[in-house]
Protein chains: 2
Amino acid sequence: MIDTRQKILDAAERLFGEQGYGATSLRHIIAEAGVNLAAIHYHFGTKEELLDQLIMRKGAPVNAERLALLDALEARAQGKAVPLEKLLEAFLGPPMKRVGKSPEFAKLMGRMYGEGLMPGIVERHFQTVVKRSFAALARTLPHLTPGELALRLQFMTGAMAHILMGKALDAKAMTGATPPRGSQTVLRELVAFLSGGLRAPAARKGRRRIDK
Amino acid sequence: MIDTRQKILDAAERLFGEQGYGATSLRHIIAEAGVNLAAIHYHFGTKEELLDQLIMRKGAPVNAERLALLDALEARAQGKAVPLEKLLEAFLGPPMKRVGKSPEFAKLMGRMYGEGLMPGIVERHFQTVVKRSFAALARTLPHLTPGELALRLQFMTGAMAHILMGKALDAKAMTGATPPRGSQTVLRELVAFLSGGLRAPAARKGRRRIDK
DNA sequence: GTCTATACTGAGATAGAC
DNA sequence: GTCTATCTCAGTATAGAC
């Protein structure tokens with residue numbers, strides 16, 4: 001059958017998301033998919049390449065959405081800077097939307113950004129959209145140097161990855177409080193938080209004495 | 001020799017930090033340490049318990065520092081709310097300090113927070129300091145409900161973890177810009193960013209229509 | 001109490017028959 | 001295209017030497 005490939009991809013997506021990439025064995029995947037072990041190596045080569053195909057299959061639409069939103073925003077701004085909140089929604093909305101309907105994939109995506117999982121794969125698939133977003137943010141946030149903005153993008157990426165993975169630290173156990181659920185609510189809060197952080201003035205060298 | 005245990009811990013710390021927990025084999029560790037494979041199981045039981053001991057050995061001083069700083073801040077505030085930047089420095093400073101002198105451990109710590117690596121271990125070692133910080137932040141930020149603050153703490157944790165791990169995404173390759181180096185500079189920028197984010201008003205439900 | 005030698009199970013990967 | 005058999009290396013467990 002020619003959809004052996006599809007069955008493998010479906011099973012792998014589910015299991016990688018649920019248990020993580022490292023903790024999922026190829027033998028577990030083939031048991032779920034009902035195929036032979038060697039079929040994975042025939043169709044994908046290695047476990048890593050299987051992950052790569054998976055990211056491509058589900059990650060490409062996410063990035064396409066983000067780029068389309070960016071295009072629309074920049075067209076509407078007619079050469080002026082795009083409002084910060086709009087840029088954040090364009091970058092964060094498409095992946096956050098998946099948290100509800102496809103939590104396994106969202107979790108996997110979070111791992112990719114945050115875990116240092118397969119850095120080469122991440123760069124290849126996300127470089128275009130990150131570069132475009134960086135350029136747009138640079139125009140919206142002229143008070144930051146490119147280096148400062150790059151650093152803040154890392155802060156932002158870390159926060160997003162953590163949320164996509166779904167409470168890597170169970171907030172309730174750690175703090176006693178129950179954070180809001182629902183990806184739309186979380187998205188709004190995340191945008192509010194990040195826009196506050198990105199707008200904050202840079203803590204320049206100041207060569208400040210140690211307190212005093 | 002009785003320092004077989006120490007040699008194992010030292011080698012494990014280095015290798016876990018460099019390559020990650022999952023990617024480091026016990027056989028690699030014993031080769032570095034110059035001990036026998038079974039020595040690990042004699043002294044630590046399993047690979048996971050070895051990690052636990054490691055976190056305890058190096059993580060305990062970090063948390064002790066944080067708690068001491070918190071104590072000092074709250075004593076100085078005499079019942080009033082502690083300034084936000086001071087709280088952030090108390091929480092972020094101790095781990096960030098390690099980035100320079102012991103990058104392997106910083107990276108490991110970042111993985112613990114962010115990767116979902118051994119959630120039980122993380123909770124056990126960090127719950128006290130997180131709970132204390134949460135309570136102090138709640139008094140400093142009365143505009144946030146406990147749930148909203150818990151969510152923002154997750155954003156903050158994600159950003160911190162990402163930075164501790166050391167450019168999980170190589171910012172230069174992704175954006176073209178070179179972010180500031182030096183853990184003190186990064187700490188200042190992180191505090192500026194997070195205080196801006198935490199102070200931002202909550203994006204309450206608003207029941208807003210879909211744009212329009 | 002401390003360590004060595006060795007064996008067991010399950011992982012990813014590969015060669016070659018069908 | 002698919003499957004069987006097999007390879008190497010992982011984490012783990014235990015028996016027994018010092």
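Below, read A as the first sequence line, B as the second, and so on, with proteins coming before strands; counting in each chain starts at 1.
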With a cut-off of less than 4.0 Å, is there a side-chain N or O of [X] near OP1 or OP2 of [N]?
X	N	answer
B:H28	D:dC9	no
A:H41	C:dA13	yes
A:Y42	D:dT2	no
A:T46	C:dG12	no
B:T4	C:dC3	yes

Sub-4.5 Å side-chain heavy-atom contact between B:R132 and B:D71: yes

Test item: A:L51 and A:F44 side chains (from C-beta on) under 4.5 Å apart, heavy atoms: no

Sugar-phosphate only, base, or nothing, as touched by B:A38 at under 4.0 Å among non-hydrogen atoms: base

Touch class at under 4.0 angstrom, heavy-atom based, for A:L37 against every strand present: base

Rounded to whole Å, please give me the gap between [atom1] in [X] and [atom2] in [N].
X	N	atom1	atom2	result
B:Q6	C:dT2	CD	P	14 Å
A:I30	C:dG12	CD1	P	10 Å
B:D3	C:dC3	CG	P	9 Å
A:Q19	C:dA11	CD	P	11 Å
B:R5	C:dC3	CZ	C1'	15 Å
B:N36	D:dT14	CG	P	16 Å
B:I40	C:dT2	CD1	P	16 Å
A:K47	C:dT14	NZ	C1'	17 Å

Per A:L26 side chain, nearest of listed nucleotides C:dA13, C:dA5, D:dT12: C:dA13

Lys NZ or Arg CZ of B:R66 over B:F91 ring: under 6.0 Å, within 45°: yes

Distance under 6.0 Å and angle within 45° of ring axis: B:K47 vs B:Y21: yes

Test: A:K107 and A:E13 ion pair at under 4.0 Å: no

Base of C:dG10 paired with side chain of A:R27 (donor-acceptor, under 3.5 Å): no

